[in-house]
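Step one of this worksheet: look at the structure below.
Naming: A, B, ... by sequence-line order, numbering from 1 per chain.
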There are 2 protein chains.
Amino acid sequence: MAADDKPLRADAERNRRRLLDAAESLFCERGLEVGVGEIAQRAGVGRGTLFRNFPSKEHLIAAIVVERMSGAIVRGRALLEDGNPETALFEFLEEIVGRQQRDRALFDAVADTFLANPEIRAAHAEVVGVLDGLLERAQQAGAVRGDVSAMDVLMLIKGACQAATAFEHIDPGVTDRQLDLVRAALAAHTTTQPLRGRAPTLSDIEHAFPPAVPSDPVETATA
Amino acid sequence: MAADDKPLRADAERNRRRLLDAAESLFCERGLEVGVGEIAQRAGVGRGTLFRNFPSKEHLIAAIVVERMSGAIVRGRALLEDGNPETALFEFLEEIVGRQQRDRALFDAVADTFLANPEIRAAHAEVVGVLDGLLERAQQAGAVRGDVSAMDVLMLIKGACQAATAFEHIDPGVTDRQLDLVRAALAAHTTTQPLRGRAPTLSDIEHAFPPAVPSDPVETATA
DNA sequence: ACCTGAACACCGTTCAAGT
DNA sequence: ACCTGAACACCGTTCAAGT
């Protein structure tokens, strides 16, 4: 619901793209603290145009993150089609983790924006959906233990993501190494005791963030 | 090296403590974006006093993080004394992860500050040291696989940390669950293929951040 | 030596005026 | 409809004046 409702005027659409491209490359180069002024300048538009397209700088960041995530989703769907059940899951995990490496702090912002931004929540839900498909196939093939959920796995690869963003340029291979450890944790033939608690699910998150207000905090009338 | 060099005047020392306490509780309550003005006010001092004690807001945050980390270090040392080799390691991991839960975004800031702040690097090195001791004992007891390093483990628990900060209040038990998965990854009796790459070590980090300049970027002469 | 708060610089956001 | 850039608000940081 929402997103591409009104077809936008031609030049407006073009400006929006330019802003996204400019922001993406600037964020990649120098991190999230680049000013909106510089972004607008690089895009060849005024500052006001940026805020016409995106309600705030955070929304701009969120839009880029969403684009990145949908890239991963496409890859994941392809793996669901052809990939072999036993390995496709881990190829998808590598895909996700690999994206962290390219965009530095971009994904760090997700943790915060997560809470508020509905578009990111939607993209996240799709990632979990694809991951769930890949996971179930791997489980039915007997390659992965049956008592874990997609969100279990998503949390598990956080360490690999950190390795990718912070240490890959120092020690190439840490990321693969972390993923190997994740593999070991998910191996089906473990004689380890069963996991405590219940498998976390998407609705746990949805439940925590009700539709909510359009983000503007209600102003308290000053006596 | 550094830290408590000069014994500080009595009132100055007291102001420093008040600032740390005020900042700690305010950060806990409303996150890192609380203004320095409000922190100084809560501490009962002027804004200037804050910047006399801490070169920047980030340094203030770092100082709090360091205090928290040394709390964990104390606990870890105690576990090295008496705790039994097979379980002490995981008790320490629970200790670390538990701290994330209490302080919300406080530890998120570490990932960034990490790079620059030497005091945090020092505290971090101590954590790795203690963890290394606990890990080695567990390995010699045959409870944990022998091919992992302390930093391997530190990265692995990142997922558990995220669970602790973001999901524990929704689904109590996720953190324990994640730690169980870490346990499975570290189990000695895995028949999994060996890990790729080499075990990451502390000197990998040290090597990446040379003593460095006092943080002020050299100004480029104009024209 | 240390404290204070007014002043400064910077950056995200808005909005009246333009096309 | 959309674009623009000057103006605004906010916040981290500095510094001259005080004790």
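Looking at A:Arg42 and A:Glu38, no side-chain N of the basic residue comes within less than 4.0 Å of a carboxylate O on the acidic one, giving no salt bridge. Contact check on A:Arg17 versus A:Glu13 returns no salt bridge, with no Lys/Arg side-chain nitrogen under 4.0 Å from an Asp/Glu carboxylate oxygen. Using a 4.0 Å cut-off between charged nitrogen and carboxylate oxygen, B:Asp180 and B:Arg177 do not count as a salt-bridge pair. Under 4.0 Å is where a charged nitrogen must lie from a carboxylate oxygen, and between A:Glu126 and A:Arg77 at least one such pair does.
Looking at A:Ile61 and A:Phe54, their side chains never come closer than 4.5 Å, going by heavy atoms from C-beta outward. Residues A:Leu50 and A:Val45 are not in side-chain contact: their nearest non-hydrogen atoms beyond the backbone lie 4.5 Å or more apart.
Applying the 4.0 Å criterion to OP1 and OP2 of C:dC2, one finds that B:Arg52 has a side-chain N or O inside that range.
One atom, CD of B:Glu38, and another, P of D:dG12, lie 10 Å apart when rounded to the nearest Å. Between A:Ile39 atom CD1 and C:dC11 atom P there is a gap of 12 Å when expressed in whole angstrom units. Rounded to a whole Å, the CG atom of B:Leu32 is 15 Å from the P atom of D:dC11. A:Asn53 places its CG atom 12 Å from the C1' atom of D:dA1, with the value rounded to the nearest Å. Whole-Å rounding puts the A:Arg18 CZ to D:dC3 C1' distance at 13 Å. Residue B:Phe54 contributes atom CZ, which lies 15 Å from atom P of D:dG12 at whole-angstrom precision. Nucleotide C:dT4 holds its P atom 12 Å from the CD atom of B:Gln41, rounded to whole Å. Straight-line distance from the CZ atom of A:Phe51 to the P atom of D:dC8: 17 Å, rounded to whole Å.
In this model, a side-chain donor or acceptor of A:Arg47 finds a partner on the base of C:dT13 within 3.5 Å.
Of the candidate nucleotides C:dT13, C:dC3, D:dG12, C:dC3 has the atom nearest to the side chain of B:Asn15. Here the nucleotide nearest the side chain of B:Lys57, chosen from D:dT13, D:dT4, C:dT13, is D:dT13. Taking only side-chain atoms of A:Ala12, from C-beta outward, the nucleotide of D:dG12, C:dT13, D:dC2 with the closest atom is D:dC2. For A:Val45, whose side chain is taken as the heavy atoms from C-beta onward, the closest listed nucleotide among D:dT4, C:dT13, C:dT4 is D:dT4.
A residue-by-residue look at B:Thr49 and A:Val36 shows that B:Thr49 has its nearest nucleotide of DNA chain C further toward the 5' end.
Across all strands, B:Gly48 comes closer than 4.0 Å to base atoms (heavy-atom distances).
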Practice problem: Assess whether side-chain contact (heavy atoms from CB on, under 4.5 Å) is satisfied between B:Leu135 and B:Phe92, documenting all intermediate values. | Solution: CA-CA 10 Å; B:Leu135 178 61; B:Phe92 185 52; over 6 Å; no
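The strand DNA chain C forms stems, runs of 3 or more Watson-Crick or G-U wobble pairs with distances below 3.5 Å, at C:4-8 with D:12-16, C:12-16 with D:4-8.
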